[in-house]
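Sharing a structure below in structure tokens format, with a few things to ask.
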2 protein chains.
Amino acid sequence: MVTITHDKTTKYSNKMSKNIYAYALVREAIAKNIIEKKLTGNLPSERELCATYEVARSTLRQALGQLENMGLIFRKNRSGWYVCPRKLKYDPMRHASFLQYTTEQGFQPSTVLLSKKQIKPCKEISESLHVDKNTSLTSIKRVRSVDGRAVVVEDLSFSNAHLPEIEKHDLSLSISILLKNTYKHHKVLYDISVESCCLFNPIAQHLNTYDGALGLKVTRIVRDQNGVAFEFDREYWRHDALMIENNAKLDVFIQHLKP
Amino acid sequence: MVTITHDKTTKYSNKMSKNIYAYALVREAIAKNIIEKKLTGNLPSERELCATYEVARSTLRQALGQLENMGLIFRKNRSGWYVCPRKLKYDPMRHASFLQYTTEQGFQPSTVLLSKKQIKPCKEISESLHVDKNTSLTSIKRVRSVDGRAVVVEDLSFSNAHLPEIEKHDLSLSISILLKNTYKHHKVLYDISVESCCLFNPIAQHLNTYDGALGLKVTRIVRDQNGVAFEFDREYWRHDALMIENNAKLDVFIQHLKP
DNA sequence: GTGGGTTTTTGGTTCATACCAGATTTTTAA
DNA sequence: TTAAAAATCTGGTATGAACCAAAAACCCAC
């Protein structure tokens with residue numbers, strides 16, 4: 001049983017006081033308990049929280065929804081609300097494997113290959129990779145988890161011409177290591193885009209979230225040293241699972257700048 | 001008066017059919033109208049839409065909320081819902097001014113300086129800039145708009161030691177041009193982080209949105225050629241206003257790689 | 001015409017209720 | 001003992017009603 005600190009004299013639904021809304025008061029009260037670690041793991045049930053804060057369920061759910069947007073809590077379908085684990089720091093520009101940067105940060109990573117097939121590129125991909133609409137590409141879908149929590153669905157498309165027989169490798173492992181070891185692509189370049197998005201089924205289901213949940217979409221075009229694009233990635237992340245980080249590579253730059 | 005295509009035989013609130021929910025059907029119907037440009041500018045009022053789709057207002061608002069998360073529509077406080085303009089493409093790594101990259105993309109930019117003061121750094125800033133907690137920094141807040149729509153609130157802190165008399169310049173103009181012209185910082189390096197966040201008052205108010213709205217937080221540490229950090233930025237963006245983009249600088253890299 | 005007050009319209013907040021669907025736990029029967 | 005069935009708990013969906021706050025439209029006196 002979880003005990004929540006709660007000033008019993010505060011009437012959360014009393015909108016007269018200070019022109020502050022009930023949902024905002026409840027939101028702040030729960031946020032405070034989470035930040036001060038008085039609340040960990042799973043939250044009390046919605047109906048319990050309604051009783052605690054003396055608000056209707058829809059008001060409570062408005063507060064919970066905002067805490068979810070803040071990345072403080074998340075839900076498991078029809079099972080309950082949970083305090084979010086810390087975010088994964090992720091540098092889409094860095095040529096590091098998922099395995100590497102997750103373990104560096106103390107997470108237990110895992111990957112499941114959902115599908116592997118030959119596809120014809122959509123307009124966006126054919127334009128990005130400069131290939132004809134009828135060119136066959138190797139396409140894979142994967143779900144990646146940290147500490148048993150699914151955080152990203154990847155949708156990767158590879159140019160067969162550039163990466164011969166790629167479909168014969170174990171594609172549930174690190175692609176960046178495969179590029180390095182098998183195809184000798186030690187230097188690659190990325191075009192990255194990041195934007196806020198909504199996660200819909202079936203992606204939402206793979207991430208154990210709901211249809212319409214908040215996400216971050218990372219798109220990446222991978223090029224070789226000559227600027228030839230050979231890989232097109234779409235990554236759909238749980239919005240609460242990651243923080244994009246890109247650190248200036250001082251050592252490299254300074255080297256170049258020294259006479 | 002806006003006319004909406006709508007199959008009158010579809011009962012949106014009939015949950016029996018196909019196990020698809022009313023809010024999802026309404027969401028898809030409105031999304032379709034927006035994508036097909038049958039719906040532009042402002043949407044009909046919520047009560048009208050309720051009548052059109054035969055759902056309760058709370059159900060409709062759930063659909064509108066998801067369309068908002070998708071970046072398809074946005075709201076002006078108590079005035080109505082509007083179809084989102086296209087997103088601004090923004091490369092936080094590029095040393096380009098807001099004026100420059102907005103006009104390049106055909107937007108009309110403007111900036112309002114909200115405040116300018118001397119502050120003592122918080123823990124995060126003092127650690128990032130490697131300055132003592134009692135060092136005075138010049139701090140400014142600005143709101144930047146494109147086509148009259150406020151899209152980002154900036155919170156910038158500068159090291160006075162590194163940028164002497166910075167407080168005497170017009171800080172509603174481009175800082176990157178100021179750095180270039182006045183302080184001769186032609187080459188700078190950035191540490192960037194991007195994450196999903198919630199926008200609360202007063203930031204939400206500056207962006208003409210509501211307390212708890214979705215946002216993207218961009219944090220940036222600016223360093224000189226020697227790696228010395230002298231500026232700390234926090235940017236709070238409307239989540240529907242931007243797309244982070246970073247393009248591989250092929251020309252530069254290829255130059256380096258050529259023998 | 002026009003400025004200022006009034007009315008109307010709009011979204012924003014909150015409530016109470018009901019029932020559904022899936023996860024979880026408990027009970028029951030083989 | 002264990003697997004299947006039932007009960008229970010949880011969040012998810014949906015309704016409709018009421019009232020509030022601010023924006024927008026309107027109107028009228030000057």
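Here is the naming used below: chain letters follow the sequence lines, and residue numbers restart at 1 for every chain. As the structure is a computational prediction, the values presented were derived from the model and not from experiment.
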Checklist entry - Out of curiosity, B/E68 CD to B/T209 OG1, how far, rounded to the nearest 0.5 Å? => result 6.0 Å
Checklist outcome for this item: B/Q205 atom CD is separated from D/dA21 atom P, nearest whole Å, by 15 Å
Checklist entry - Which of these nucleotides, D/dT10, C/dT10, D/dT13, is closest to any side-chain atom of A/S45? => result D/dT10
Item to check | Nucleotide of D/dG12, D/dA14, C/dC15 approaching B/A22 most closely (side-chain heavy atoms) | outcome: D/dA14
Item to check | B/R149 to B/Y82, cation-pi by 6.0 Å centre distance and 45° axis angle | outcome: no
Item to check | Protein-nucleotide distance (A/Y21, atom OH; C/dG11, atom P), rounded to Å | outcome: 16 Å
Item to check | Atom pair distance, as rounded to whole Å: CG in B/L60 and P in D/dA14 | outcome: 12 Å
Next on the checklist: Measure CZ/A/R57 against C1'/D/dG16 and give the value in whole Å, please.
Outcome noted: 17 Å
Checklist entry - OH of A/Y23 versus C1' of C/dC15: gap in Å, rounded? => result 16 Å
Checklist outcome for this item: Taken to the nearest whole Å, CD/A/E46 to P/D/dT13 is 11 Å
Checklist entry - In residues 69-82 of chain B, which residues come under 4.0 Å of DNA chain D by heavy atom? => result B/N77, B/R78, B/S79
Checklist entry - Checking A/R27 against A/Y21: charged group under 6.0 Å from the ring centre and within 45 degrees of the axis? => result no
Checklist entry - Would you say C/dT9 has OP1 or OP2 under 4.0 Å from some side-chain N or O of B/R47? => result no
Checklist outcome for this item: Taking D/dT13, C/dT10, C/dT14 as options, the one with an atom nearest any side-chain atom of B/E48 is C/dT10
Checklist entry - Within 45° of the ring axis of A/Y23 and under 6.0 Å from its six-membered ring centre, is that where the NZ or CZ of A/R61 lies? => result no
Next on the checklist: Tell me the closest heavy-atom pair linking A/L199 and A/L214, and the distance in Å.
Outcome noted: CD1-O, 3.4 Å
Item to check | d(CD, A/E54; P, C/dA16) in whole Å | outcome: 11 Å
Item to check | NZ or CZ of A/R220 within 45° of A/F232 ring axis and under 6.0 Å | outcome: no
Item to check | Residues B/E28 and B/K32 bridged, charged N to O under 4.0 Å | outcome: no
Checklist entry - Quick one: A/Q66 CD to C/dT14 P, roughly how many Å, whole number? => result 10 Å
Next on the checklist: OP1 or OP2 of C/dA16 versus the side-chain N and O atoms of A/S58: is any pair under 4.0 Å?
Outcome noted: no
